[in-house]
Each structure stands twice: as C-alpha cells, then as structure tokens.
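Order of the sequence lines sets the chain letters (A, B, ...), proteins ahead of strands, with each chain counted from 1. Values in this document were obtained by computation on a predicted structure and should not be read as measured data.
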2 protein chains.
Amino acid sequence: MTKKTTIYDIARKLDITAATVSRALNNNPKISDATRELVIQTAKAMNYEQNKVAKALKSGKSYNVGVIVPRIDSNFFASVITGIEEELYPNGYHVIICQTHDQENLEIRNINSLLNAQVDGILMSISNAKLEQNESFKSLLRKRVPLIFFDRQKDIPGVSSVTIDDFKGAYAATKHLIDQGCKRIAHLSNDRLLEIFKNRYLGYKQAIIDSGLEFDENLVIEISSRVAEGRKATKTLLEMGNRPDAIFSTSDFTALGAIQEIKEHGLKIPDDICVAGFANEPFTKFMELSITTVDQSPIEMGRLTAKVFLEEVSNPSRIMSQKKVILSPELLIRKSSLKHSS
Amino acid sequence: MTKKTTIYDIARKLDITAATVSRALNNNPKISDATRELVIQTAKAMNYEQNKVAKALKSGKSYNVGVIVPRIDSNFFASVITGIEEELYPNGYHVIICQTHDQENLEIRNINSLLNAQVDGILMSISNAKLEQNESFKSLLRKRVPLIFFDRQKDIPGVSSVTIDDFKGAYAATKHLIDQGCKRIAHLSNDRLLEIFKNRYLGYKQAIIDSGLEFDENLVIEISSRVAEGRKATKTLLEMGNRPDAIFSTSDFTALGAIQEIKEHGLKIPDDICVAGFANEPFTKFMELSITTVDQSPIEMGRLTAKVFLEEVSNPSRIMSQKKVILSPELLIRKSSLKHSS
DNA sequence: TAGATTTGTGTAATCGATTGCACTTTTGTG
DNA sequence: CACAAAAGTGCAATCGATTACACAAATCTA
C-alpha cells in the first residue's frame, strides 16, 4: 500500500498548519474563504482522504455498528440488513455483520468481538433466551453501548426494540385456517422465552379460543427453525391418533419441512391438511404449492432499527429511554391453505 | 458509555509507565516475570480492554476486511461469507459486508466506502465487468490494498482469485443433459465479460461440440441472475419455432424461473424439457421437482479466499504475485433432468 | 487616532498504544 | 574487585485528526 496523504502533507505544501487544514476541510467558519478554497483544491489534487481511524480515536467513535443475526442466509435477515444499511450508510456508518448460527457461545463471542472492535452500537436479533444472565451481556448493558433488538427480542429495561405485531400475525393466520374449516390446528413453535415466539403462540391460541374450538396443548411443538426439524415434528404429529388438519408454523422453513413430510405420508395439501408459515421467504412463493405466510416487511424493520439507533447515539443525555416500535404484519394467503371448495 | 480503562490507568495504579504496561501485556521478553504478572492481574481486575482503534492508528492496520458481494440473500454468497469468517475471525479480523445488488454504482461506492474505512483488504465477487476501467478501482489497485476475487472474477494482473472450475462444471451438466437424450440445449447465460460466465458458456459449448450435436448460438441468452429474468428468457425460447428440449442455466434462480415458465406452457419436466441450474441453492433440493445443479463448495471457497488474503498481508515484500486457486465442482443430478426411462 | 472588535492562524495538548533509545541496576567474567 | 554484558524500565516520539486557547493583524467605533 502506498502511503496516504495526511493533513500535514497538505499543510507543508501550503506552508500553513495542519490545524488550519483540518478546519478548512471541516468547514469551520473561522477560516477565510480564500484559505478554505485553496486547501480544498490542494487536498483534491493530492488525493487526500481523511483517515477514519485517527478520527475514530480522537472522537471516541468508530462509526462501525455491529449487527448480530442468527444467519444471513435467509431472505428475512438479509433484507433487514439491507434496510439497516440503507439507513446507516448515508450517515457514515459501516455495518459489521455477525452470525450466531443459533449457537449460544457464538452469540457471546460475537458480542465480545464487536465490543472489542469499538463498535458504536449493536443491533441484534437475539437467539438465546438466557443471554440476559450472561456476564458478557451484562457488561454490554453496563457499558451503555447503544443496543437495539429487532425481530427476536427480550424485554430488557433500557433496551429498545423494533418488531412486528407477532400476536396479530399469528392470530390472522390461525383465524384464516379456521375459516378454511380446520378444527385441529397444530403449531410448530420455537423457544417461547423469546417474545417473538411467545406472542405468536399466544396469537395462535387466542384465535382458537375466540373461535370456540378446543385448544390442545399437545398440538404445540417447540423446535428450532430448520427444515429437518419441521419434518421431524410433523412426523410426530401425523402419527398421533387424532392427527391435526392444519399446521401453523412460526417459520417458513419448518413449514416447508412439514409440507415435505405430509406429502411423504400420502396426504394432500390443502385438502387433508392446511399449512401456513411465517416470514414470507421467497421460496414460499416460488414453490409449485405456494405457501401461505405472514410478511414482516423486513426492509422497513431494518430501516426503523437503524433509525432508533441513530436517535440513541445522537441523544447526548443517554437517558434510559426504552422505545418499542411495532410494525404491522400482513397475511399472504396462498395455495397451501386455500381449499378449492371455498 | 462508561469510560474505559487504558494502559495509563493501570500504569498510574502500579506507579510504573504506560510503556511497561504495554510491554507486559504484549509479552515483551524484556519485562520481568514479576512485573508482567502484576500488570496482567491488575489489568484483569480493572477490566482493561485494549483499544483497537488506537492500535489500528499506530499500526496502520484496521483489522477490518471488506467483502463485496452481489447480495447476501443467496445461500451461495452467505456460505462463502461464513467460510471467510471462519478463517478470519481467529486471526483477529472483522468482516464488513457490502452488497452491490448488481448495480455498478453501488459497487464503486462500496469500494470507496471500504477504503475510507481503512480496511486491510477487499475480497470481492465482481459484478460489473467494466469495473476495470473505473477510476476508483484503478486507484484501489494503485494503493496496493490486498484485493482478492472469488467466484466472479476478472483476470487482472496482480489480483489473485479463488474460483471453481466453471468450464468443468458446465461441461459436466451439459454432458449429463445430452446423456439424457436432449438434442437442443439452450443456455441461460449472464455477462460473459466475467470469466465465470464465459467459462460456463465455453464448457456448455464444448460439451455440445464434443458430442457431435449442432451448436446453435440462438439458444444462448444473456440475462442477470433473477427468477423473473429466467421466466422471460424461457418464454422467448419456448415461443421459438424449434424449441429447445433442455435448458442449462448459469444460475439456480433463473433455472427456477425457467421451470415456472415451462409449467405454465403446459410442458412436462423432465419429459418434454430437462432443466439444470448452477450453485446448489437449498431450494433446488427442497422443491417437489428437485433441480439438477452444480455444487461449488462455497464454504471451502470462502476459507481459501481468506487464506490467500492472510498470505498477502503477511507477505511484507508485497511482490506482484497472482495466485489462482481453482476448486472442483460437483454435479448433482436431480429430478428436473433425470428422465424416468433412463 | 487610540482603543475595542472581529477575523484568521498558529501552538500545543489530546485520543491510547507502541517502540527505539537511553539509562540504571544486576549479574557475570577473569 | 573491576569492568563488561545483560536485564528491566523510563522517556519521548509517533500514528492523523481535532480543538481550546493564545495571539497577531485587520477592521471598526467614537
């Protein structure tokens, strides 16, 4: 790498001080127009680029923001990240993405690693419900580094969050299944210590109760968001004496697993069993048997998360203000749950 | 954020110099064991954490590496990134990911932005064939910032790359289609100014020629890697007087589009038309009609790319050494091309 | 025109960690 | 015991940019 020009190089060439150069480049009003113009011209001519690291040291800000997600290989998280970037880039921030692959230890390691890199804030979709008790996490809170949850959150004092109304989304999906004539609706859930899954579960449950159907706790299975897990759980459900006639899943991936398993068992979708997922992953639309799902407007979610972060850093008082932004979900009805008769 | 402890705080407490503290923490052999032990203990007690920004300024290294990809929302790129991280994290590097969304201007902006953030290197999958002529890109080369291409590359002197043998992969896929009895094989290509697509095209062409079939340039269509584009191109192909009996696509996404369009036209896959894609995206396996594709071992590709980078930065001579790592692809034959009869 | 303002720059400290050089103790050698 | 070599620390500069404070020159006021 060739050496970069610094403000000292410019100062030397113009026979002025680095301080003056710095001020000129920062549009400090105390600098005369003539000098400012001269400095700017020279800087351009010399290919000057501000050294962000030096600025970071002086200002105590790195202009890097950490984003922690379970994985980037899902349209949902990828889109949230896109939204975050759209909002943060124009403000001079860079985004460092970390994946937890749903592993606790990786989540901790990523937090430490980001703090170590002096990030100005951390935006995360939490994957470990017990994170709260972890020492590294506690120290993160103590340091008052801006922390914002999106999608998967835990209710922690002083930590803002951006989510969708999971209860509403789940309620709408379940209601739709009921409207299709389904009576025994199973639910593929996930760790309900996390608000997101708890609320989806509650929305599902409420819709059943409101419709006067019997609520059966045995039809709720807690698994992680992977196709194979969806298959396994569905196998269990199908082998029950009184098998369900619909499956509402917290994840499109597990819904896909469910569909595969149901077909394997020789059952028809949606005639024998209706299926609905959550997240509107692109494949749900592409499948020959398109999958009913709930859209979470991920790009919007990302933008809003970034906005909340920007507010927090620019707020010098840093008062414990916990902001909760809640987006509205949209039910997308597709073939996997739309009976021909109706 | 609470103030962090620095080596000066430790020095003050122990009534020694910051220099000594620094040396003790860095295992400098000139420090006595007693002092070293004392410093380390005190540092731990005071929750000391090295300020990476200060170190970055002093050393001229940011320990940040930029990764530029068309999009992270594809299993292939997400996996490559995972591989890169696996290799880089243990070496103290952080990864800043940028998406180009296949837009030229974004690619340029990302490069500038990464350089501005003082990254120690850039690993990229190029999406714009004309990038070479761009001023920002030229300046990147001039600065001798380590640059490594993966997957989508251009042959530029001094720039190493990690790719798969695209020719071989395309040859194998095409050969397989021919073995299935297909005679008129269309090819959904992409910008052939990029090596990757050029080589896939050449592999496809060679397989046809080697088999004694007629090669028809009209069956080759250049599009970008999106489902909708695949549909559109396939529509054109199907409306030809002498329609193809197979489609080999450089992308799983366009292959998916092709499949959708073919079905819409009431044709059967694989009986009427065989389809094969490229990249082994997970959905190719999940579809009811699983898609034949070519695996590119993305994680391995990521790891190797990172390794080449690590070699380049650790090589102080920085001699123009252009390394070309080429991985072997694997053809995965699935339902979309496997005729029942065979 | 003397004195008060305003304007424009320079001086030097600062952010936190690293490191060549100098200097003081120890320890070793003959 | 004298002198050389080794060991252990401190001093101070450095990385590049920012900024409070000082100060000189230019402009204004009465």
For B:E312 and B:S160, does a side-chain donor sit closer than 3.5 Å to a side-chain acceptor?
yes
Going by distance alone, is a donor N or O of one side chain under 3.5 Å from an acceptor N or O of the other, for A:D155 and A:Q322?
yes
DNA chain C: B:K30 or B:S22, which has the more 5' nearest nucleotide?
B:S22
Closer to the 5' end of DNA chain C via nearest nucleotide, is it B:R23 or B:V53?
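Per heavy-atom nearest nucleotide, the more 5' residue is B:V53.
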Under 4.0 Å, counting only non-hydrogen atoms across every strand here, what does [X] touch: a base, just sugar-phosphate, or nothing?
X	value
B:T6	sugar-phosphate
B:T35	sugar-phosphate
B:N26	sugar-phosphate

Look at the side-chain N and O atoms of A:Q118 and state whether any lies under 4.0 Å from the OP1 or OP2 oxygen of C:dG16.
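For C:dG16, OP1/OP2 do not have a side-chain N/O of A:Q118 under 4.0 Å.
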Using a cut-off of strictly less than 4.0 Å, decide whether A:S59 has a side-chain nitrogen or oxygen near OP1 or OP2 of D:dT18.
no
Whole angstrom is fine here: how far is it from [atom1] in [X] over to [atom2] in [N]?
X	N	atom1	atom2	answer
B:Y63	C:dT18	OH	P	10 Å
A:K55	C:dG16	NZ	P	17 Å
B:E37	D:dG8	CD	C1'	17 Å
A:N27	C:dG8	CG	P	14 Å
A:K58	D:dT18	NZ	P	9 Å
B:L25	D:dT9	CG	C1'	15 Å
A:K4	D:dT14	NZ	C1'	17 Å
A:N28	C:dG10	CG	C1'	14 Å

Strand contacts (DNA chain D) in residues 8-20 of chain B, 4.0 angstrom heavy-atom criterion
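The stretch gives B:I16, B:T17, B:A19, B:T20 as the residues lying under 4.0 Å from the strand, ordered by number.
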Can you label the angle between the A:F309 ring and the A:Y93 ring as parallel, tilted or perpendicular, going by 30° and 60°?
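A:F309 vs A:Y93 ring planes: perpendicular.
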Picking from B:I81, B:N75, B:I72, what satisfies side chain to side chain contact (heavy atoms under 4.5 Å, CB included) with A:D73?
B:N75
Salt bridge present between [X] and [Y] (N-O < 4.0 angstrom):
X	Y	value
B:K143	A:E49	yes
B:R71	B:D102	yes
A:E300	A:K307	no

